[in-house]
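Just so it is clear, the values below take in all heavy atoms, side chains as well, and ignore hydrogens, waters and symmetry mates. Throughout, a chain's letter reflects where its sequence line sits, starting with A, and its residues are numbered from 1.
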Amino acid sequence: MADPSLNVYNTLTHRKEIFEPLHAPFVGMYVCGPTVYGDAHLGHARPAVTFDLVFRYLKHIGFRVRYVRNITDVGHLENDADEGEDKIAKKARLDKLEPMEVVQYYTDRYHQNMEQLNVLRPSIEPRASGHIIEQIEMIRKIMQAGFAYEVNGSVYFDVEKYGHSYEYGKLSGRVIDDLLINTRALEGQDEKKNPFDFALWKKAHPDHIMHWPSPWSIGFPGWHMECSAMGTKYLGDIFDIHGGGMDLLFPHHEAEIAQSTVALGHESVRYWIHNNMITINGQKMGKSLNNFITLNDFFSGSNPLLEKAYSPMVIRFFILQAHYRSTLDFSNDALLAAEKGFKRLMAAQQTLQNLRAGEVSTCDIKSLQQACYDAMNDDFNSPVVLAKLFDAVRIINSVNDGLEGLNADDLELLKTVFRVFIQEILGLHPEEGEESELIDKLVQTIITLRRQAREAKDFKTSDLIRDELKKIGIVLKDSREGTSWEKE
RNA sequence: GGUCUCGUGGCCGAGAGGCUAGGCAGAGGUCUGCAAAACCUCGUACAGCGGUUCGAGUCCGCUCGAGACCUCCA
């Protein structure tokens with residue numbers, strides 16, 4: 001079993017800490033989910049896969065995890081300074097749809113992508129629009145505490161006042177004085193006392209299609225409110241883990257801390273975990289730079305930047321090959337390499353199932369297993385886990401070639417290690433084989449015919465069979481044990 | 001401009017004061033009728049310049065370069 005001490009890098013303290021849940025064996029984890037106004041791109045896959053890994057591992061080592069990942073369907077404005085149109089509302093207007101039609105459409109597509117990536121469903125997936133009452137209630141508390149002010153039906157958080165009693169910027173390492181100097185002067189924020197104050201509630205323009213009644217105006221909640229309200233609603237006033245992309249550190253998560261601190265009298269989150277960005281040509285992949293590639297594009301290959309289609313499992317493998325706190329640079333070559341590596345891993349897993357145990361073991365499977373746990377316990381170091389698994393690949397192939405040996409116990413243990421780490425924890429599985437049982441039988445028959453040709457030294461025929469099969473993407477591999485086949 | 005992060009061999013990426021990361025690509029070899037696969041061997045990688053140290057990719061300083069956040073962004 002695992003080394004009990006799981007170490008987690010906490011953004012708040014800037015160091016790795018031993019993870020100790022508030023109410024073991026229960027763990028509460030909240031992760032910022034997508035704003036559903038467009039298809040998910042590769043960048044969206046990073047936090048999804050990262051926290052799926054965290055979720056899976058925590059469960060594996062025995063915790064009972066309640067994983068909350070929200071859907072942002074209101075309140076996320078497309079412009080700066082809390083001005084501009086709501087992202088969902090704009091998309092609805094452009095497409096002549098109800099906002100909730102937009103939300104439903106992209107939520108469904110997001111779910112589909114997540115399923116393709118083998119990302120487990122969270123325990124609860126709350127929507128911002130379904131928690132307006134909770135958000136209003138929290139805003140009311142913030143106002144009662146005296147840290148928010150109303151102007152023309154909109155409510156803003158008073159960051160400067162908050163800064164007198166608490167430390168605004170502690171998560172992102174920002175200082176209010178610097179913010180005062182450096183926050184850009186932007187249009188249309190005359191309502192705010194300070195440019196870095198953020199909206200808790202926005203009065204709706206008359207033509208705004210999404211709005212709800214509140215004590216202050218008919219309007220909608222500010223973006224940061226939803227996570228504070230929904231996180232504490234489902235996980236309690238204090239919960240263990242809050243995750244999200246590094247780009248959400250400021251101001252989103254900083255605002256969350258301020259809101260909770262004031263509304264509840266204390267902070268809510270014990271461990272902040274942030275995944276780094278995926279870059280393309282060294283630059284962050286994102287909507288604003290318009291350099292993003294959607295997941296569906298990857299799966300279909302229909303993007304000029306892609307040389308070919310890449311399967312969801314290859315994308316997942318690619319993401320897991322880097323540590324979640326490092327940037328990960330996308331390129332065709334990198335993906336191609338990932339694809340080859342992934343196939344090698346899966347092929348070895350297949351080989352493992354047919355391996356025969358010997359009398360003695362020449363390899364130390366136990367320490368290999370321990371190394372995998374050590375890596376996971378060291379802040380979810382999936383690339384090191386994969387490196388260890390590739391060591392195992394070499395062992396498997398060597399045993400298969402008769403160069404190494406494994407006794408029955410070690411063989412079982414190795415199978416367990418593969419099942420646990422590859423399937424359960426890393427969430428990798430072989431590609432969905434389109435080849436039916438029928439096709440397999442057909443190919444097996446052809447292989448038999450080829451074997452007969454080879455035995456008769458009729459290499460012309462045997463090569464013809466191999467070449468023709470290769471043309472339709474079926475590769476034959478001869479070994480001492482016989483001939484196997486796989487799709488190219 | 002402010003705050004912060006990073007710079008590892010052809011590519012992607014771990015690690016981290018003395019102990020092989022790993023994958024992909026490349027070279028040579030074994031096996032095989034041939035090929036593929038597999039296995040074995042190989043490349044004097046740690047941006048540059050100083051410093052600390054018995055010893056530095058790993059710590060400190062400076063220089064150069066890249067990026068993130070400061071505005072919506074996973």
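Among the nucleotides B/A74, B/G15, B/G22, the one closest to the side chain of A/Q321 is B/G22. Of the candidate nucleotides B/A74, B/C70, B/G13, B/A74 has the atom nearest to the side chain of A/H41. Here the side chain of A/N275 is nearest to one of B/A36, B/C72, B/A74, namely B/A74. Counting only heavy atoms from C-beta on, A/H44 has its side chain closest to B/A74 among B/A74, B/C69, B/C24. Closest approach to the A/N397 side chain among B/A74, B/C34, B/A38 is made by B/A38 (side chain taken as heavy atoms from C-beta onward). Checking B/C72, B/A74, B/C11 against the side-chain heavy atoms of A/P47 singles out B/A74 as nearest. The side chain of A/R466 lies closest to B/A35 when the candidates are B/G13, B/C24, B/A35. Taking only side-chain atoms of A/W223, from C-beta outward, the nucleotide of B/C39, B/C72, B/G67 with the closest atom is B/C72. Side-chain proximity of A/A337 to the nucleotides B/C12, B/C39, B/C24 is greatest for B/C24. Distances from the side chain of A/F250 to the nucleotides B/G67, B/C39, B/C70 place B/C70 closest.
Going from the C1' atom of B/G67 to that of B/U52 covers 30 Å, rounded to whole Å. As rounded to the nearest Å, B/A37 and B/C72 have C1' atoms that lie 50 Å from one another. B/G61 and B/G26 have their C1' atoms separated by 39 Å, with the value rounded to a whole Å. B/U53 sits 10 Å from B/C59 when the C1' atoms are compared, rounded to a whole Å. Separation of the C1' atoms belonging to B/G13 and B/A25 is 14 Å when rounded to the nearest angstrom. Look at the C1' atom in both B/A27 and B/C64: the space between them is 35 Å, to the nearest Å. To the nearest whole angstrom, the two P atoms, one in B/G22 and one in B/G15, are 14 Å apart. Between B/G9 and B/C49, the two P atoms lie 16 Å apart (nearest whole Å).
Between A/I396 atom CD1 and B/C39 atom P the separation is 10 Å, expressed in whole Å. A/L171 has its CG atom 13 Å from the C1' atom of B/U3, to the nearest Å. The interatomic distance linking A/R451 (CZ) with B/C34 (P) rounds to 20 Å, in whole Å. What separates NZ of A/K343 from P of B/G23 is a distance of 18 Å, to the nearest Å. Summarising the geometry, the separation between CG on A/L320 and C1' on B/G22 is reported as 14 Å, rounded to the nearest angstrom. A straight line from OH of A/Y310 to C1' of B/C12 spans 13 Å, rounded to a whole angstrom. Across the protein-nucleic acid pair, A/I280 atom CD1 and B/A66 atom P stand 19 Å apart, rounded to whole Å. As a whole-Å value, the separation of A/D478 CG from B/U30 P is 19 Å.
Note: A/H242 and A/Y30 meet the aromatic proximity criterion, with ring centroids under 6.0 Å apart. Aromatic pair A/Y324/A/F51: centroids not less than 6.0 angstrom apart. For A/H253 and A/H274, the ring centers sit closer than 6.0 Å to each other. For A/Y156 and A/F198, the distance between ring centers is not under 6.0 angstrom.
Both A/L248 and A/A322 lie close to RNA chain B; mapped to their nearest nucleotides by heavy-atom distance, the more 5′-ward contact belongs to A/A322. The residue among A/H323 and A/K388 whose nearest nucleotide of RNA chain B lies closer to the 5′ end is A/H323.
Annotated as anti: B/G9, whose glycosidic dihedral deviates from 0 by more than 90°.
The pair A/R56-A/D52 counts as a salt bridge, with a side-chain nitrogen and a carboxylate oxygen less than 4.0 angstrom apart. Look at A/D463 and A/R466 and you find a salt bridge, because one of the NZ, NE, NH1 or NH2 atoms lies within 4.0 Å of a carboxylate O, short of that distance.
Residue A/L42 is classed as having no contact, given no heavy-atom separation below 4.0 Å to the nucleic acid. If you check every strand for non-hydrogen atoms under 4.0 Å, A/N276 touches a base. When heavy atoms are screened at a 4.0 angstrom cut-off, A/A387 is found touching base atoms of the nucleic acid. A/D329 comes within contact range of the sugar-phosphate backbone alone, with a heavy-atom separation under 4.0 Å but no base atom that close. Among the protein residues, A/R454 comes within range of the nucleic acid bases, having at least one heavy atom under 4.0 Å from a base atom. Contact annotation for A/G286: no contact, since no heavy-atom pair falls under 4.0 Å across all strands. Using a 4.0 Å heavy-atom cutoff across all strands shown, A/M246 reaches no nucleic acid atom at all. Residue A/L249 is classed as having no contact, given no heavy-atom separation below 4.0 Å to the nucleic acid. Looking at heavy-atom distances under 4.0 Å, A/I278 makes contact with a base.
Between A/S326 and B/A14 there is a side-chain polar atom (N or O) within less than 4.0 angstrom of OP1 or OP2. Of the side-chain N and O atoms in A/R344, one or more sit less than 4.0 angstrom from OP1 or OP2 of B/C24. The side chain of A/K340 contributes an N or O atom lying less than 4.0 Å from OP1 or OP2 of B/A25. OP1 or OP2 of B/C39 has not a single side-chain nitrogen or oxygen of A/N400 nearer than 4.0 Å. The phosphate of B/C72 (OP1 or OP2) has no side-chain N or O of A/K90 nearer than 4.0 angstrom.
Evaluation of A/F459 against the base of B/G33 yields a stacking contact (centre distance < 5.5 Å, interplanar angle < 30°).
In this structure, A/R344 fails the cation-pi test against A/F390, since its NZ or CZ atom is not both closer than 6.0 Å to the six-membered ring centre and inside 45 degrees of the ring normal. Because its NZ or CZ atom is not both nearer than 6.0 Å to the ring centre of A/F459 and within 45° of the ring axis, A/R454 does not count as a cation-pi partner of that residue. Annotation: cation-pi geometry not satisfied between A/K91 and A/Y106 (NZ/CZ under 6.0 angstrom from ring centroid, within 45° of ring axis). Because its NZ or CZ atom is not both nearer than 6.0 Å to the ring centre of A/Y168 and within 45° of the ring axis, A/K170 does not count as a cation-pi partner of that residue.
Across all strands shown, the partner of B/G1 is B/C70, judged by Watson-Crick or G-U wobble contacts whose two distances both fall under 3.5 Å. In this structure, B/G33 forms no base pair with any nucleotide, since neither Watson-Crick nor G-U wobble geometry is met with both distances under 3.5 Å. When both distances must be under 3.5 Å, the Watson-Crick or G-U wobble mate of B/C42 is B/G26. Under the Watson-Crick and G-U wobble criteria, each requiring two contacts below 3.5 Å, nucleotide B/A47 is paired to B/U63. The partner of B/A21 is absent, by the rule that a Watson-Crick or G-U pair needs both atom distances under 3.5 Å. B/G57 is unpaired under the Watson-Crick or G-U wobble criterion, no partner having all donor-acceptor distances under 3.5 Å.
At a cut-off of 3.5 angstrom, counting only N and O atoms as typed in the model, there is no donor on one side facing an acceptor on the other between the side-chain of A/D391 and the base of B/G22.
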